[in-house]
There are 2 protein chains.
Amino acid sequence: MGRGKIEIKRIENLSNRQVTFSKRRNGIIKKAKEITVLCDAHVSLVIFGSSGKMVEYCSPSTTVTDILDRYHKQSGKRLWDAKHENLSKEIERIKKENDNMQIELRHLKGEDITSLPHKELMVLEEALETGLAWVRDKQAC
Amino acid sequence: MGRGKIEIKRIENLSNRQVTFSKRRNGIIKKAKEITVLCDAHVSLVIFGSSGKMVEYCSPSTTVTDILDRYHKQSGKRLWDAKHENLSKEIERIKKENDNMQIELRHLKGEDITSLPHKELMVLEEALETGLAWVRDKQAC
DNA sequence: GGAACTATCTATAACTG
DNA sequence: TCAGTTATAGATAGTTC
């Protein structure tokens, strides 16, 4: 669509490439707006030029986030799960640590010790005696 | 571009709308591919028709996630931060709980008690005595 | 460098089987 | 209803200022 037919391959000349980018980018955004209005479609469009410049179009009444939520659901692809996964794993790790401390604390308070084997009871007793000794020592000061 | 000029407003006739959607959707995707090749651009394009059907195009050598990362950085808009925030808060909460237990445990073991006021030392001593009593009681069984 | 022009190409609205 | 065709509107490559 122009004075001459062009092959669809990278435009080597930088300024031509930038000019063409600018024109076509506007063209695509216009088309995106049109299909939105004509066909009740929802569109999310993000374009980066090779210079790094970004433009975006998103149909009115939605946000990129909305579109991406739907994208996420329908495509089955994971956009942010990977990021979530790290956080979730961190939570799991801390919770486990938490649980272990909870149990240790209860044991030290003499709770839930019915099922403990004899050996662990002895370890527990020693720990308590040591702790008590330290506390009494401190109080004596 | 067609046999007659059309206004850019919603096409009321359903089947016409669907036909137009299908044609224009393909057109936009073609244009997106072309600008990608011609201008070294990176494009992420997601289109939902009013029927809910989704199509996407993303320039080769990147993923939607890549594009969105860049979008995220450059637009300053938060795409997934809101989703992450809850998880982050949860982590904070658990870590705090964790710290408190850590401290309590250390105290029970007689560690880090130098700065404790007298009153707390007494509470600690009582807790230790109670725990010890329970443990000895259990060992006697 | 960018805005405007225009000849030409492309996309597509309406049509057809 | 759907793919294929065609006439025409719209997009744009090369050009000009």
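The structure presented is a predicted model; accordingly, all values stated were derived computationally and were not measured. Throughout, protein chains are lettered first and strands after them, A, B, ... in sequence-line order, and every chain is numbered starting at 1.
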Item to check | Euclidean distance, atom NZ of residue A/Lys53 to atom P of C/dG1 [Å, nearest integer] | outcome: 14 Å
Checklist entry - Are the charged groups of A/Lys109 and B/Glu104 less than 4.0 angstrom apart, N to O? => result yes
Next on the checklist: Using 0.5 Å steps for rounding, measure from the CD atom of B/Glu56 to the CZ atom of B/Phe48.
Outcome noted: 9.5 Å
Checklist entry - Going 5' to 3' along DNA chain D, which nucleotides are the first and last within contact of chain B (any atom under 4.0 Å from a heavy atom)? => result D/dT6 to D/dT12
Item to check | Polar contact flag, side-chain donor to acceptor under 3.5 angstrom, B/Ser15-B/Asn13 | outcome: yes
Next on the checklist: Between B/Glu129 and B/Arg136, does the salt bridge (charged side-chain N to carboxylate O under 4.0 Å, His left out) criterion hold? Intermediate values first, please.
Outcome noted: CA-CA 10 Å; B/Glu129 282 170 345; B/Arg136 288 188 171 141; over 6 Å; no
Checklist outcome for this item: Given protein heavy atoms under 4.0 Å, the one-letter contact record of nucleotides 10-17 of chain C, with B base, S sugar-phosphate only and - none, is simply SBBBBS--
Next on the checklist: Strictly distance-based, threshold 3.5 Å: is any side-chain N or O of B/Ser22 a donor or acceptor partner for the main-chain N or O of B/Gln18?
Outcome noted: no
Next on the checklist: Taking A/Lys95 first and then B/Glu97, would you say they form a salt bridge - that is, a charged N and a carboxylate O separated by under 4.0 Å?
Outcome noted: no
Checklist entry - Roughly how far, to the nearest 0.5 Å, is the CD atom of B/Glu34 from the NZ atom of B/Lys31? => result 5.5 Å
Checklist entry - Taking NZ, NE, NH1 and NH2 as the nitrogens, is one of them in B/Lys96 or B/Glu92 under 4.0 Å from a carboxylate oxygen of the other? => result no
